[in-house]
Amino acid sequence: MRRLKDAGYPVPRPYLFESDHEPLGRPFMIMEHVKGRPLFAFDTVPKALAVFVKGFIPFARVHAALHLINTQVVSDESSPLIDRMLTTIAERIEQVPLHPLKPALEWVTSNAARFRSGPDSVLHLDYLPRNVMVEGVHVTGVLDWMGVDVGDRHLDVATTALILRTSATGQHGLLRDHAFGNALRILCAATYVTFYHSLFRLDLDRFRYYQTVAALDRLSMFSLMRMRGPESAGFRPRATAEVTPAVLHALSRRVTRLTGVPVPLSEPV
């Protein structure tokens with residue numbers, strides 16, 4: 001975060017990180033306070049529509065700006081991100097087990113060679129409206145850098161689009177439980193990709209492949225959380241609130257549509 005701040009990216013400057021559990025019972029970080037509120041901080045559909053109209057161009061622009069930052073800002077000496085992700089997905093499938101996901105994993109793995117090489121970018125991997133602070137139409141800070149990595153920017157864009165499409169993006173179910181709000185959520189995903197593509201052209205075949213990787217990754221992770229508890233995937237107990245049957249259904253349908261491989265998994269039991 002400090003390196004990104006020094007590079008001119010809108011991120012809160014961190015002042016101190018304490019890994020010891022003793023002072024407060026858990027690790028903590030002290031960072032710069034940024035003005036504004038999360039992009040999707042609203043409680044009515046009209047407010048959601050207003051946020052959508054004025055907020056999504058800067059939302060896409062700031063994401064594209066991240067992918068233009070020199071990757072030396074984030075040190076990474078490990079194996080390629082796609083290989084690490086496929087290994088993690090395979091481990092989850094064996095651990096739960098999630099045998100219905102094996103054909104989809106085989107499809108993703110067999111196609112990986114076509115998309116493994118390519119220019120690297122700094123990736124956020126959880127770039128969502130709730131993690132983007134805004135004041136008016138200006139982005140004041142991007143939060144939650146736990147998943148930052150280096151890899152193909154198409155994966156980062158695909159992850160954001162997938163979450164917008166399949167999950168509620170606020171701190172409530174307005175965009176999931178309200179008919180108009182649900183339609184607006186789908187429109188947000190499509191509009192975000194369109195805006196991003198106009199700013200930083202996407203290779204559509206590569207984007208489609210990484211959409212599949214992102215969907216399979218989330219489906220395997222959420223299934224693990226449902227079966228073994230959120231702590232098994234590195235999340236707090238309350239994280240299961242977002243892992244609804246509707247989200248699992250949406251992800252399984254998405255994997256099937258992208259791969260052509262039927263994924264009968266809907267509700268792991």
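As the structure is a computational prediction, the values presented were derived from the model and not from experiment.
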- ring pair (Phe, Tyr, Trp, His ring centres under 6.0 Å) evaluation trace for Phe56 with Phe59: CA-CA 5 Å; Phe56 256 69; Phe59 176 75; 5.2 Å; yes

Quiz item: Would you say the side chain of Val157 lies within less than 4.5 Å of the side chain of Tyr127, judging by non-hydrogen atoms?
Solution: no

In terms of heavy-atom contacts, Ala104 and Val261 come closest through N-CG1, 4.0 Å

> Under 4.5 Å between any side-chain heavy atoms of Leu4 and Trp145, yes or no?
Replying inline: yes

Side chain to side chain contact (heavy atoms under 4.5 Å, CB included) filter on Thr87, not counting sequence neighbours, yields Glu91

*asked:* Under 4.5 Å between side-chain heavy atoms, counting indirect links through other Ile/Leu/Val/Met/Phe/Trp/Tyr residues: same cluster for Leu128 and Val137 or not?
replied: no

Thr71 and Asp120 have their tightest heavy-atom pair at CG2-O, 3.4 Å

Return a table of donor-acceptor pairs under 3.5 angstrom between the side chains of residues 16-23 and protein atoms on other chains or two or more places apart.
residue	atom	partner	partner atom	Å
Glu18	OE2	Asp20	N	2.8
Asp20	OD1	Glu22	N	3.0

Heavy-atom closest pair (Leu81 atom, Leu155 atom, distance to 0.1 Å) is CD2-CD2, 3.6 Å

For Val193, the side chain to side chain contact (heavy atoms under 4.5 Å, CB included) test, sequence neighbours excluded, returns Ala161, Leu202, Phe207

Indicate yes or no for a side-chain donor-acceptor contact from Arg130 to the backbone of Pro38 under 3.5 Å, with no hydrogens or angles considered.
no

Hits for side-chain hydrogen bond (donor to acceptor under 3.5 Å, both in side chains) against Ser220, two or more places apart or cross-chain, chain-then-number order -> Arg92

So side chain to side chain donor-acceptor pair (under 3.5 Å) across residues 202-214, not counting sequence neighbours, yields Asp152-Arg206

Sorted by chain and number, sequence neighbours left out, side chain to side chain contact (heavy atoms under 4.5 Å, CB included) with Ala64 holds for Tyr196, Leu199, Phe200

- prompt: Ile93, Leu258: one ILVMFWY side-chain cluster at the under-4.5 Å cut-off?
  reply: no

- Is a donor on one side and an acceptor on the other found under 3.5 Å between the side chain of Thr191 and the backbone of Cys188? no

When every non-hydrogen atom of Pro100 is compared with those of Pro103, the smallest separation belongs to O-CD, 3.5 Å

Is any side-chain heavy atom of Arg153 closer than 4.5 Å to one of Val122?
no

Sequence neighbours excluded, the answer for side-chain hydrogen bond (donor to acceptor under 3.5 Å, both in side chains) partners of Arg228 is none

task: May I ask whether Met31 and Val148 are part of the same hydrophobic cluster, defined by side-chain heavy atoms of I, L, V, M, F, W, Y residues being less than 4.5 angstrom apart, directly or through others?
output: yes

Residue pair Leu216 / Leu101, side-chain heavy-atom distance below 4.5 Å | yes

Side chain to side chain contact (heavy atoms under 4.5 Å, CB included) filter on Val134, not counting sequence neighbours, yields Leu39, Val132, Val139

*Would you say His124's side chain and Asp144's backbone share a donor-acceptor pair under 3.5 angstrom?*
yes

Taken in chain and number order and not counting sequence neighbours, the residues that satisfy salt bridge (charged side-chain N to carboxylate O under 4.0 Å, His left out) with Asp83 are Arg116

Going by chain and number, the hydrophobic cluster around Met146 (ILVMFWY, side chain to side chain under 4.5 Å) further includes none

Less than 3.5 Å apart, which donor and acceptor atoms pair up between the side chains of residues 5-15 and the rest of the protein, not counting sequence neighbours?
residue	atom	partner	partner atom	Å
Lys5	NZ	Val11	O	3.4
Lys5	NZ	Glu32	OE1	3.4
Asp6	OD1	Arg13	NH1	3.0
Asp6	OD1	Arg13	NH2	3.1
Tyr9	OH	Val62	O	2.8

Do Thr159 side-chain atoms and Ala214 backbone N/O form a donor-acceptor pair below 3.5 Å? no

Check for me, please, whether Leu219 and Trp107 land in the same ILVMFWY cluster - side-chain distances under 4.5 Å, paths through other members count. yes

Residue set satisfying side-chain hydrogen bond (donor to acceptor under 3.5 Å, both in side chains) with Glu94, at least two apart, ordered chain then number -> Lys102

